[in-house]
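Scroll down for the structure; my scribbles are underneath it.
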Amino acid sequence: MIKLSLLSVFVPTFLFVSLTPGMCMTLSMVLGMTQGVKRTLWMMAGELVGVGLVAAAAGAGVATLMLRQPALFALFKWVGGAYLGYLGVMMWRSRGRMAIPLERLELPPASRGQLALQGFLTAVANPKGWAFFVALLPPFLDASRALAGQLGVLIAVILTIEFLCLVLYAAGGRSLRRLLGESDNVRLLNRLAGSLMVGVGVWLALG
């Protein structure tokens, strides 16, 4: 499958990269604020599917084809970034299902499909994610061994670490909501979350 010596280097390397604030982690924190950790799990599910696809494609060499079609990839990035930016503006204005209601009313939260789609788009349209996997995975693959088995082990490790980091960021967002919620600064929390969401959208579109 894969050498333990290589795995012992790969795990701390990817853990460090995952813990570094990025688009997916920021999105997890924002939704932890506005949707709660439990509902943010749906975003995480979509994000993990996207990360798994990107890692598998990069490991199999499909990333080279993506890089040869920069116009198509740029369009995909802009669509994803515009979608996240729109959601951020709605949150900043305390509107939409992603925002926390100003009144103590139970409004319908964002649907599971919406949350999963957000996570998937953010992961798949992230150019830094593609570049990272293209650069990171090849050194840990042994040409003398079966590629599928090695790639399977590495992707399983990647998804496990990514999930733990996403939960950590979502829990941080929930803690921030509790801190601001004690003083009824719901509008401030919506604007903070909305600004971060817009930032993720811009980052995604222009990255």
Side-chain angles (χ1 to χ4, degrees), residues 1-29 31-32 37-70 72-77 79-81 84 112-172 200 203-204 207:
M1 295 288 286
I2 189 170
K3 295 180 180 178
L4 291 179
S5 58
L6 289 177
L7 201 58
S8 66
V9 176
F10 181 80
V11 170
T13 299
F14 190 76
L15 178 61
F16 174 77
V17 172
S18 286
L19 284 174
T20 303
M23 285 188 288
C24 293
M25 296 304 154
T26 303
L27 180 61
S28 185
M29 183 176 69
L31 295 181
V37 177
K38 185 176 180 180
R39 291 195 64 80
T40 303
L41 290 173
W42 289 100
M43 183 283 293
M44 296 179 195
E47 195 267 353
L48 292 175
V49 170
V51 167
L53 287 175
V54 171
V62 179
T64 303
L65 179 61
M66 292 290 292
L67 294 175
R68 290 178 180 175
Q69 299 291 334
L72 181 61
F73 193 40
L75 176 62
F76 192 68
K77 287 197 304 169
V79 171
L84 294 179
R112 296 171 177 177
Q114 286 176 315
L115 295 170
L117 179 61
Q118 275 187 278
F120 181 80
L121 284 176
T122 304
V124 174
N126 182 4
K128 292 183 179 178
W130 284 92
F132 171 76
F133 285 122
V134 169
L136 178 70
L137 288 179
F140 291 95
L141 297 174
D142 188 346
S144 64
R145 297 169 180 254
L147 176 63
Q150 296 179 77
L151 203 53
V153 171
L154 292 179
I155 291 176
V157 171
I158 287 169
L159 296 183
T160 300
I161 294 175
E162 186 80 357
F163 174 71
L164 294 176
C165 292
L166 287 169
V167 171
L168 183 63
Y169 271 79
V200 172
W203 192 355
L204 181 59

Distance check, rounded to the nearest 0.5 Å: [X] atom [atom1] versus [Y] atom [atom2]?
X      : Y      : atom1 : atom2 : value
Met44  : Leu164 : CE    : CG    : 10.0 Å
Met43  : Leu27  : CE    : CG    : 4.5 Å
Arg112 : Arg39  : CZ    : CZ    : 6.5 Å

Kindly indicate whether the side chain of Tyr169, heavy atoms from C-beta on, has any atom under 4.5 Å from the side chain of Leu31.
no
Would you say that Leu154 contacts Phe10 through its side chain, given a criterion of any heavy-atom pair below 4.5 Å between the two side chains?
yes
What closest approach, in Å, do [X] and [Y] show between heavy atoms, and which atom pair accounts for it?
X     : Y      : value
Leu7  : Pro12  : O-CD, 4.5 Å
Leu48 : Leu166 : CD2-CD1, 4.3 Å
Leu15 : Cys165 : CD1-SG, 4.2 Å
Ala55 : Ile158 : CB-CD1, 4.4 Å
Val54 : Val124 : CG2-CA, 3.9 Å
Glu47 : Ala123 : O-CB, 3.5 Å

Name all pairs fulfilling the side-chain hydrogen bond (donor to acceptor under 3.5 Å, both in side chains) condition that reach into residues 156-165, sequence neighbours left out, sorted by first residue then second.
Ser18-Glu162
